[in-house]
Amino acid sequence: MSYLEELNEVQRKAVTHTEGPVMVLAGAGSGKTRVLTYRIAYLLESGVDPYNILALTFTNKAAREMKARISKIAGEDMAKSLWMGTFHSVFARILRFEADKLGFPSNFTIYDSDDSKSLLRTLIKEQNLDDKVYKVNQVQNRISSAKNSLISAEQYQNDTFIYNEDLQAKKPMLGKLYGMYVKRCFKSGAMDFDDLLYLTNILLRDQAEVLLKYQDKFRYIMVDEFQDTNYAQSNILKMLAARHENICVVGDDAQSIYAFRGANIQNILNFKNQYPDVAIYKLEQNYRSTKNIVQAANQVISKNKEQLKKDVWTSNADGEQIKLVKCLSETEEGSFVAGEILDLKAKESINEDQFAILYRTNAQSRALEEALRKRNIPYRIFGGTSFYQRKEIKDILAYFRMAINPNDEEAFKRVINYPARGIGQTSVDRILIAASEEGKSQWEIVSDLEAAHLNINTGIRNRIKEFVDLIKSFQILASQDDAYEVGNHIASATGILKLFYSDKSPESVSRYENIQELLAGMKEFSEIPLEPDENPEENPRGLGSFIQDIALLTDTDVKDQKEDDQPKVALMTVHSAKGLEFPYVFIAGLEENLFPSQLSVNSRKDLEEERRLFYVALTRAEKRAYLSFATTRFRYGSMVYSEPSRFLSEIDQSLIEMPKRMSGEQRTTSSSYKLSRQAIPRKLVKPTASGNGVSGAAMDQIKIGTRVNHARFGRGEVVGLEGELPNRKATVDFKGIGKKQLLLKFAQLQIME
DNA sequence: AGTATCGTCGTTTTT
DNA sequence: CGACGATACT
């Protein structure tokens with residue numbers, strides 16, 4: 001086991017201490033991933049069956065990378081059989097096995113957060129609630145945190161404390177919404193992200209034999225980024241580990257940055273209360289950064305009250321001072337960053353992939369991107385709208401979902417009249433009402449039209465039947481063929497492909513390309529050779545497996561098909577930079593109310609999380625860190641003045657250097673900047689309807705040759721008439737505009753004397 | 001029925 | 001400012 005020699009003493013102890021509860025407190029850059037990897041390899045070499053090891057990571061990417069490294073040490077076969085993945089993906093897998101015990105189909109859909117929102121929007125409307133009071137995002141948050149705290153809808157509704165909270169917030173119906181939301185998801189055979197954790201808890205809590213089975217299976221449990229687990233997650237761990245207690249959690253309380261998502265820093269702070277005989281190893285030697293960076297980061301984090309004591313140090317060189325840059329605007333900030341990158345590339349031949357630009361909010365990326373683009377610096381943005389969230393992709397995925405689970409209400413909503421097949425809003429609403437009255441899903445209503453009490457005419461009835469037949473044909477294909485064949489068929493049979501192919505507008509071209517990219521991904525998926533443990537009967541390369549596979553992917557996991565090998569500057573939020581490292585790091589927008597965020601400055605707890613976030617940002621840097629702030633910045637469309645972030649003053653001045661500003665040293669003394677240049681709201685000049693429109697009675701007075709006036713097109717002469725009243729259409733030749741066809745009942749034409 | 005325009009809202013952060 | 005949902009229009 002030669003790799004043990006690559007470890008320092010504490011690392012080696014953490015790796016070889018395999019029995020009983022272990023907590024590894026790993027400072028930034030202290031070789032945490034290496035410890036986890038080697039620990040798993042060590043277990044395997046000690047004869048532990050890979051099937052008995054569960055390793056949970058925070059991102060799919062981390063899981064993939066770790067698997068790759070274990071393959072190298074312990075062999076591919078071993079690595080393949082490990083249960084390794086994110087909480088969500090591992091427990092989704094288990095839930096599929098055990099779905100029937102919860103009354104769910106094993107091919108349940110996973111609602112992403114847009115699907116949940118859409119369902120909530122529907123429910124709010126159905127209940128005739130004011131959507132200004134019941135804001136979808138807030139409702140979703142409330143339900144999400146209830147689930148993360150393992151509070152069921154019934155408990156929620158019966159809890160007077162919660163009810164009073166909601167009452168005070170003037171939202172007494174939240175409990176009811178929660179209950180309805182759960183019911184509708186159930187009826188749709190759908191789980192949202194939180195359900196994957198919540199329902200796993202329910203499953204393990206209520207089904208003793210299931211719990212026993214997985215307790216026995218997962219004899220060794222390892223958890224990465226433990227500081228970011230929430231109650232639902234830590235409770236799963238507690239239950240699973242209760243039998244063997246071979247649980248090893250790795251984390252850094254100083255890097256806990258997901259409290260907003262329910263992550264509870266107390267999980268790590270209290271781990272030793274839960275397991276009194278826990279062995280704690282502190283990895284304090286940083287191998288990543290220079291002394292200056294480590295020291296600056298330590299100074300920052302020391303301002304936090306809530307933390308476990310740790311002493312991060314490094315034997316690396318002192319390195320350079322941290323560069324602090326003041327800019328006048330976000331544009332100038334972008335110019336500085338881009339200019340600096342060009343400079344370093346030219347003078348020290350540093351490649352683009354050595355740089356990362358980090359920011360607090362995604363909205364900041366725009367100005368930075370523009371600056372890079374202007375100078376032709378290749379870059380790649382992580383985050384933002386993911387490939388799978390694009391409309392054209394979600395639409396076609398909705399057909400895939402219908403083929404696998406037609407009860408999926410959100411998918412149904414998307415495809416019932418897309419592409420347009422003449423089933424209008426009114427008919428869709430009637431189907432929805434019928435479904436809710438009869439306690440069925442919308443699919444159950446339309447697939448048995450004869451039985452349903454639907455007030456719709458035969459024309460629409462037939463179109464619905466065609467739709468049902470179409471979906472049924474997809475279902476049959478999906479059960480037999482591989483994902484690529486079915487996907488290809490659906491793309492053409494629905495007419496979606498043609499829709500974008502025939503239109504040559506740039507958006508359509510790009511949508512067409514995106515669909516082709518999706519199909520290429522499906523092809524790749526379908527061609528993966530079968531594993532010995534996969535049952536061909538279950539069509540493991542079919543559409544169902546495909547959509548299950550991609551449901552939990554984020555954009556950082558998606559391989560960009562257009563990716564070339566050209567090195568690129570990385571742009572991302574600090575959150576998505578967690579776990580990564582770069583030689584040169586720019587942290588942009590270090591301003592009060594931005595970093596720390598405006599929403600966090602009023603509470604010590606939130607502020608401490610912002611500080612940890614800054615700590616994470618700073619500790620990504622290996623060689624050099626740039627901190628920049630702008631004195632003015634556009635926000636909500638108007639310019640605001642900003643103060644430098646308080647975090648900047650938490651670093652000792654001796655570690656900081658303010659380099660001379662690059663280009664044109666504009667003086668900031670000009671008092672003209674004091675004048676607030678508030679954006680003046682555009683005055684809207686409403687074209688007032690002049691005179692009365694032509695009423696029903698007057699419509700028949702319009703003849704060919706009648707001279708008329710139109711509010712927008714001005715004066716013209718009627719040159720043609722067709723159709724019967726009240727739906728008569730007139731062709732009017734407008735002066736200087738040309739002929740227009742207008743429906744008389746809408747056009748509000750004024751007859752000229 | 002489908003499109004253009006209007007109006008509102010928001011910004012953390014993501015599995 | 002920009003995205004997106006609601007509405008107004010044809």
Side-chain angles (χ1 to χ4, degrees), chain A residues 56-63 85-92 110 112-114 117-118 121 125 131-132 135-138 144 148 192-197 225 228-230 232-233 257-263 358-364 366-367 382-386 389 391 417 420-427 551-557 572-578 589 593-601 606 609-610 612-613 616-617 633-639 679 681-682 684 686-687 689 693 710-713 727 729-730 732 740-749:
Chain A
L56 296 165
T57 60
F58 194 71
T59 61
N60 295 301
K61 194 170 159 233
T86 62
F87 272 89
H88 289 85
S89 65
V90 166
F91 295 118
I110 297 174
D112 69 13
S113 124
D114 287 341
K117 271 186 212 158
S118 161
R121 211 169 281 128
K125 229 180 259 166
D131 59 5
K132 303 254 165 12
K135 301 243 178 81
V136 175
N137 283 320
Q138 289 175 12
S144 170
N148 283 326
D192 66 18
F193 286 148
D194 302 313
D195 285 331
L196 297 176
L197 306 175
E225 310 281 12
D228 288 323
T229 52
N230 60 32
Q233 290 168 320
I257 54 175
Y258 282 97
F260 73 92
R261 204 167 85 193
L358 310 183
Y359 36 81
R360 179 66 237 274
T361 65
N362 278 311
Q364 287 168 258
R366 191 159 309 200
F382 296 78
T385 330
S386 122
Q389 282 173 4
K391 188 184 172 298
N417 196 31
R421 53 170 66 84
I423 305 174
Q425 198 53 56
T426 332
S427 312
L552 294 167
L553 286 188
T554 59
D555 53 315
T556 15
D557 303 314
M572 65 187 93
T573 63
V574 181
H575 280 88
S576 30
K578 196 175 67 160
N593 298 327
L594 181 61
F595 198 175
S597 153
Q598 194 166 8
L599 298 161
S600 303
V601 293
D606 292 347
E609 173 144 323
E610 295 284 318
R612 292 193 295 269
L613 196 54
V616 169
R633 184 177 291 276
F634 270 98
R635 288 185 102 184
Y636 307 103
S638 57
M639 180 128 77
R682 278 172 305 171
L684 296 167
K686 227 184 189 163
H710 184 271
R712 229 173 81 211
F713 304 130
N727 290 321
K729 234 192 276 180
V732 185
K740 293 267 172 199
Q741 288 219 325
L742 306 168
L743 262 170
L744 287 181
K745 69 174 168 187
F746 291 128
Q748 301 284 296
L749 291 175

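Each chain gets a letter, A, B and so on, in the order the sequences are listed, and its residues count up from 1. Predicted model, so just to flag it, every value in this text is computed and none were measured. We use all heavy atoms of the structure for the numbers below, so side chains are in, but hydrogens, waters and symmetry mates are not.
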Which atoms form the tightest heavy-atom contact between T57(A) and T59(A), and what is the distance? OG1-O, 3.0 Å

Which heavy atom of N60(A) sits nearest to which heavy atom of S89(A), and what is that distance? OD1-OG, 4.2 Å

Can you tell me the distance, in whole Å, between the CG atom of N148(A) and the P atom of dT14(B)? 16 Å

Are OP1 or OP2 of dT15(B) and a side-chain N or O of S113(A) less than 4.0 angstrom apart? no

For dT14(B), does either OP1 or OP2 sit under 4.0 Å from a side-chain N or O belonging to N362(A)? yes

State which of dT14(B), dC9(B), dA6(C) makes the closest approach to the side chain of S576(A). dT14(B)

Which of these nucleotides, dT14(B), dT11(B), dG5(C), is closest to any side-chain atom of R121(A)? dG5(C)

Which value, in whole Å, describes the distance between the C1' atoms of nucleotides dT11(B) and dA6(C)? 22 Å

Is any side-chain nitrogen or oxygen of R366(A) closer than 4.0 Å to OP1 or OP2 of dG2(C)? yes

Just how far, in rounded Å, is P of dG10(B) from NZ of K117(A)? 12 Å

Can you find a side chain N or O atom of T573(A) that sits less than 4.0 Å from OP1 or OP2 on dT14(B)? yes

Distance, rounded to the nearest Å, where F634(A) contributes CZ and dG2(C) contributes P: 10 Å

Please report the distance, rounded to the nearest Å, between NE2 in H88(A) and P in dT14(B). 14 Å

List the atom of L197(A), the atom of F91(A), and the distance in Å for their closest heavy-atom pair. CD2-CD1, 4.5 Å

Where do D194(A) and S144(A) come nearest, in terms of heavy atoms and distance? OD2-OG, 3.0 Å

Within the structure shown, what part of the strands sits under 4.0 Å from K391(A) by heavy-atom distance: base, sugar-phosphate, or nothing? nothing

I need the CG-P distance between N417(A) and dT3(B), as an integer number of Å. 12 Å

Just call it for F87(A): base, sugar-phosphate, or nothing, with non-hydrogen atoms closer than 4.0 Å on any strand. nothing

Where does DNA chain B form stems of at least three consecutive Watson-Crick or G-U wobble pairs, each pair having both distances below 3.5 Å? B:1-10 with C:1-10

Nearest-Å distance for atom pair CG/P, residues D606(A) and dT11(B): 16 Å

Side-chain contact check for F260(A): nearest option of dT8(B), dT15(B), dT13(B) is dT13(B)

Length of the line joining Q598(A):CD and dT11(B):P, which is rounded to integer Å: 12 Å

Less than 4.5 Å apart, any side-chain heavy atom of N230(A) and any of R261(A)? no

What is the separation between atom CD on E609(A) and atom C1' on dT14(B), rounded to the nearest whole Å? 12 Å

Hey, are the side chains of R635(A) and N593(A) touching, using non-hydrogen atoms and a 4.5 Å cut-off? yes

Tell me whether the side-chain N/O atoms of K135(A) come closer than 4.0 Å to OP1 or OP2 in dG10(B). yes

Quick check on DNA chain B: between R421(A) and E610(A), whose nearest nucleotide comes earlier from the 5' end? R421(A)

Closer to the 5' end of DNA chain B via nearest nucleotide, is it T426(A) or Y636(A)? T426(A)

Provide the closest heavy-atom pair for L613(A) versus V574(A) in the form atom of the first, atom of the second, distance. O-CG1, 3.3 Å

Contact check, side chains of Y258(A) and K578(A), non-hydrogen atoms, under 4.5 Å: yes

